[in-house]
Amino acid sequence: LARTDALTGALNSRAFYEVAANRLERCQRKGRPFTLAYMDLDNFKFINDRLGHLKGDEVLRAVAETMQKTLRSTDIIARLGGDEFVILLPNAYPEAAQHAIERARLALGQRMPQEHWPVTFSIGLVTCDCSKGETDLEALIRAADDAMYVAKRKGKNTIDQNLLS
């Protein structure tokens, strides 16, 4: 329970940082890619303000459930707080990561209207080539977060992808 977000069942931020640090070290050791996606729910404030926090909780649970069903079993999903999620896609090269995250965004985009929730998803995606040396987890998370803000500035409901060496 100490590692799980009580609302969504996804990992909490504490557990995510532990798992991500371990996976990053493994990717560095094996020279494999390391991909992070940082996702923010667009218009989530509307849900809480107009429909109530219980409905907002339903949305967050639906997001976590949909991602769990859509992504690979080896991918790690965590709720960092509020309406922000981070997804770790170990060993995913840029094209595969882009495809997986786009598939998840489309699945979420189908589910939200079914429930009459006006929510979309802005996602920052960063892939690091770990074969080129040490990589800092905090720097990768910041880069994914920055990419998510670029996606928001592009009009929301999109993915912005960066490659780091």
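Everything numeric in this text was worked out from a predicted model, so none of it was measured.
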Discussion item. Could you measure the distance from the CZ atom of F34 to the SG atom of C128? Nearest 0.5 Å is fine.
Written reply: 8.5 Å
Worksheet item: Looking at CD of Q68 and OG of S73, how far apart are the two atoms once the value is rounded to the nearest 0.5 Å?
Response: 10.0 Å
Worksheet entry | T8 side chain vs A10 backbone, donor-acceptor pair below 3.5 Å | yes
Worksheet item: Looking only at heavy atoms, which two atoms of A107 and T70 are closest? And how far apart?
Response: CB-OG1, 3.6 Å
Item to complete: Measure across A97 and T127 and return the closest heavy-atom pair with its distance rounded to 0.1 Å.
Response: CB-OG1, 4.3 Å
Discussion item. Using the rule that Ile, Leu, Val, Met, Phe, Trp and Tyr join whenever any side-chain heavy atoms are under 4.5 Å apart, tell me whether V19 and I77 fall into a single cluster.
Written reply: no
Worksheet item: Below 4.5 Å, heavy atoms only, C-beta onward: do L41 and V59 meet side chain to side chain?
Response: yes
Discussion item. So D75 and M67, do their side chains get closer than 4.5 Å, heavy atoms only?
Written reply: no
Worksheet entry | Verify same cluster id: I76, L125 (apolar side-chain graph, 4.5 Å) | no
Worksheet item: With a 4.0 Å cut-off, would you call E65 and K69 a salt bridge?
Response: yes
Item to complete: Decide yes or no for F16 and R79: does some side-chain heavy atom of the first lie under 4.5 Å from some side-chain heavy atom of the second?
Response: no
Fill in: Pairwise distance OG1(T66) to CG(L71) - rounded to 0.5 angstrom
10.0 Å
Worksheet entry | Common cluster, L163/I101, ILVMFWY with side-chain heavy-atom separation under 4.5 Å | no
Discussion item. With side-chain hydrogen bond (donor to acceptor under 3.5 Å, both in side chains) as the test, pick out the partner of K152 among N157, D160, D40.
Written reply: D40
Practice prompt. Would you check if L140 and D136 make a side-chain contact, meaning some heavy-atom pair closer than 4.5 Å?
Written response: no
Discussion item. Is any side-chain heavy atom of I159 closer than 4.5 Å to one of Q98?
Written reply: yes
Worksheet, complete the sentence: Correct closest heavy-atom pair for G109 and P113 would be O-CD, 2.9 Å
Please table the atom pairs, donor to acceptor, closer than 3.5 Å between any side-chain atom in residues 43-50 and protein atoms at least two apart or in another chain.
| unit_1 | atom_1 | unit_2 | atom_2 | d |
| --- | --- | --- | --- | --- |
| N43 | ND2 | P118 | O | 3.2 |
| K45 | NZ | D49 | OD2 | 2.6 |
| N48 | OD1 | H53 | ND1 | 3.4 |

Discussion item. Quick check on R14: does its CZ atom have over 12 non-hydrogen neighbours (other residues, nucleotides or ligands) under 6.0 Å away?
Written reply: no
Distance-only donor-acceptor pairs under 3.5 Å for side chains of residues 81-94, two or more places apart:
| unit_1 | atom_1 | unit_2 | atom_2 | d |
| --- | --- | --- | --- | --- |
| E84 | OE1 | Y38 | OH | 2.8 |
| N91 | OD1 | R32 | NE | 3.4 |

Worksheet item: Does the side chain of V63 come within less than 4.5 Å of M39's, by heavy atoms?
Response: yes
Discussion item. Are M148 and L106 linked, directly or through intermediate hydrophobic residues, by side-chain heavy-atom contacts shorter than 4.5 Å (ILVMFWY only)?
Written reply: no
Worksheet item: Checking side-chain contact (heavy atoms from CB on, under 4.5 Å) for the pair V126/L164: CA distance, chi angles, key distance, verdict?
Response: CA-CA 7 Å; V126 174; L164 303 176; 3.3 Å; yes
Worksheet item: Any Lys/Arg nitrogen of E58 or K55 sitting under 4.0 Å from an Asp/Glu carboxylate oxygen of the other?
Response: yes
Response to the item:
Output for pair (Q28 CD, D129 CG), nearest 0.5 Å, gives 11.0 Å
Worksheet, complete the sentence: Closest non-hydrogen contact found for A62 with W117 is CB-CZ3, 3.7 Å
Fill in: Distance-minimising heavy-atom pair for C130 and L24
SG-CD1, 3.8 Å
Worksheet, complete the sentence: Between Y17 and the options L11, N22, I141, N12, the side chain to side chain contact (heavy atoms under 4.5 Å, CB included) test singles out I141
Worksheet item: Looking at CZ of R111 and CD of Q114, how far apart are the two atoms once the value is rounded to the nearest 0.5 Å?
Response: 7.5 Å
Item to complete: Any chance you could measure K30, atom NZ, to R26, atom CZ, to the nearest 0.5 Å?
Response: 6.5 Å
Worksheet item: Do the charged groups of K156 and D42 touch, with an N to O distance under 4.0 Å?
Response: no
